[in-house]
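Take a look at the structure below.
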There are 2 protein chains.
Amino acid sequence: MVTAMREAESAVLEPHSASKPYHHGDLSRALIQAGRRILEAEGPAGLSLRAVAREAGVSPAAPYHHFKDKGELLDAIASEGWREMGAAIAQARATGPSASSSTLNIGVAYVCFARDNPALYRLMYKMARDKQTMEGHAKDAESGWSHVREALKEAGADVSDERELTLATIGAWCAAHGVAEMAGFKEFERLKAELGGEEAFVRAVLSHIVVFPRQTMRYPCPDEAVR
Amino acid sequence: MVTAMREAESAVLEPHSASKPYHHGDLSRALIQAGRRILEAEGPAGLSLRAVAREAGVSPAAPYHHFKDKGELLDAIASEGWREMGAAIAQARATGPSASSSTLNIGVAYVCFARDNPALYRLMYKMARDKQTMEGHAKDAESGWSHVREALKEAGADVSDERELTLATIGAWCAAHGVAEMAGFKEFERLKAELGGEEAFVRAVLSHIVVFPRQTMRYPCPDEAVR
DNA sequence: TCCCCCATCTAAGCGCTGTCAACATTCTTT
DNA sequence: AAAGAATGTTGACAGCGCTTAGATGGGGGA
């Protein structure tokens with residue numbers, strides 16, 4: 001009664017959604033937050049299940065009542081990341097000065113998210129690639145994905161049908177991902193300085209990703225035997 | 001001299017000898033090969049230093065006489081990977097049917113290398129990104145990098161100076177990396193089938209990475225305050 | 001030719017990890 | 001109030017990276 005009230009308060013709001021923890025308050029949420037704190041502070045190397053439990057103030061075995069194994073906790077953390085990245089993309093599209101530039105703005109926002117949350121960003125793709133799918137994450141990031149698609153359409157991308165729009169969307173996402181993973185390399189520091197900062201560098205690189213000769217090699221490709 | 005030759009042979013093809021070597025012939029090479037074997041067979045999760053030592057038939061502490069720590073062994077494995085990828089790129093450029101298509105051919109070869117050596121490819125970038133540099137690897141991959149640059153120049157990429165060529169080279173590399181990391185997702189399987197196979201899919205995506213409106217947003221970018 | 005040095009390898013062990021089974025505690029339900 | 005499910009703790013196990021101390025044997029100096 002009294003105890004119940006204390007715990008209800010200490011629980012992180014959320015009135016009464018079906019079957020929530022009782023003892024700690026909301027351990028599963030606390031574990032995710034603890035995990036993100038460790039990820040930021042010490043990088044992925046420090047993100048052990050025991051360290052997360054320690055940070056949350058519980059015993060090493062406690063998390064197993066909320067997550068099947070370590071991977072499931074990491075999945076939950078990654079999911080949060082996908083959701084936040086989707087929001088960042090949505091915002092970039094909304095605040096862009098014009099439709100024709102929103103594609104680039106989205107790309108920059110994407111890379112900035114990765115720069116500001118490097119360990120989280122890497123974890124997101126690690127979990128996705130381990131399972132060879134973005135499903136689940138894709139649902140979380142669907143807003144992001146569809147924003148890219150819509151932005152491409154509005155920008156009048158040179159696509160003639162839905163399939164080409166899909167290919168362009170995939171291409172844009174891949175390009176942004178590539179830049180996000182490369183932008184941190186020291187080799188580019190001089191160039192960044194010359195261009196006036198990291199963000200200008202990212203804009204410049206993204207703007208120059210126009211390299212593959214589409215007109216000479218359409219996709220029902222004649223010489224399939226190159227490799 | 002004779003002994004040296006025997007050891008050199010036994011290092012490559014182990015399976016014989018009534019008496020096993022007193023001091024392993026060329027352990028550091030054997031460890032790298034064992035590591036690659038494990039990486040292929042069990043993925044990065046199975047790649048423990050102890051497992052590598054086991055595979056090579058030595059005690060768990062033996063590797064420490066050849067590599068300062070586990071990271072140094074992984075670096076050596078990754079280096080081999082960069083070298084092989086550079087060779088694959090060089091070959092793709094050499095065997096391309098025409099100069100104008102060699103850019104795309106290089107991209108396809110890049111992605112195919114990643115597809116055929118997924119764990120190795122991931123390890124390569126993990127090691128590079130942990131150190132925030134491709135140096136060392138960059139030297140190994142320099143042939144690859146410069147091939148891309150030259151191919152872009154020959155293809156008559158729309159660049160007006162050396163800096164733009166550099167930006168285009170970075171962009172192309174980033175795009176290929178992005179596609180390499182994404183191409184394995186199950187979400188694209190239907191599209192792959194429709195396009196006639198994985199390689200056609202890769203060609204199509206690479207060909208459609210022409211998304212960022214370069215003409216409307218050059219790099220001394222006016223509205224820097226988007227993010 | 002011999003022998004000894006020292007690079008190479010082994011054995012043992014430390015503190016860490018993920019995971020589990022057994023036990024203890026608390027909340028919900030009846 | 002008793003039962004039972006949910007939640008947390010303790011202790012243990014095997015495997016990990018890494019270190020130290022000691023054994024081994026091959027190539028260079030005598």
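Each chain gets a letter, A, B and so on, in the order the sequences are listed, and its residues count up from 1. These numbers come from the heavy atoms of this one structure, side chains and all, not from hydrogens, waters or symmetry mates. These figures come from a predicted structure and were not determined experimentally.
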To the nearest angstrom, how far is [X] atom [atom1] from [N] atom [atom2]?
| X | N | atom1 | atom2 | result |
| --- | --- | --- | --- | --- |
| B:L49 | C:dC16 | CG | P | 20 Å |
| A:K68 | C:dG18 | NZ | P | 15 Å |
| B:D69 | D:dT20 | CG | P | 14 Å |
| B:F67 | D:dT19 | CZ | P | 16 Å |
| B:H65 | D:dA23 | NE2 | C1' | 11 Å |
| A:Y64 | C:dT17 | OH | P | 12 Å |
| B:K70 | D:dG17 | NZ | P | 5 Å |
| A:E42 | C:dC16 | CD | C1' | 14 Å |

Would you say [X] places a side-chain N or O within less than 4.0 Å of OP1 or OP2 belonging to [N]?
| X | N | value |
| --- | --- | --- |
| A:S59 | D:dT10 | no |
| B:R54 | D:dC16 | yes |
| B:H66 | C:dC9 | yes |

Note to self: Assuming nearest nucleotide by heavy-atom distance, tell me which of B:P60 and A:R50 is located more 5' along DNA chain D.
What the structure shows: A:R50
Next item on the list: Verify side chain to side chain donor-acceptor pair (under 3.5 Å) between A:N105 and A:R203, making sure each step is shown before the conclusion.
Entry: CA-CA 8 Å; A:N105 289 337; A:R203 292 193 107 85; 2.7 Å; yes
Next item on the list: Dump the intermediate steps for ring-ring contact (aromatic ring centres under 6.0 Å, His included) on B:H177 and B:Y125, then the final yes or no.
Entry: CA-CA 10 Å; B:H177 173 67; B:Y125 272 99; 4.3 Å; yes
Check: Between A:G71 and B:A61, which has a closest nucleotide on DNA chain C that is more 5'?
Finding: B:A61
Notebook entry, point to check: Can a salt bridge be assigned to the pair B:K192 and B:E199 using a cut-off of 4.0 Å between side-chain N and carboxylate O?
Noted result: no
Margin query: For the backbone of A:A78 and the side chain of A:D75, can you confirm whether one donor and one acceptor N or O come within less than 3.5 Å of each other?
Written below: no
Note to self: For B:S48 and B:R54, which I'm curious about, is there any donor-acceptor pair between the side chains at under 3.5 Å?
What the structure shows: no
Check: Of the candidate nucleotides D:dG17, C:dT10, D:dG8, which contains the atom at the shortest distance from the side chain of B:A62?
Finding: C:dT10
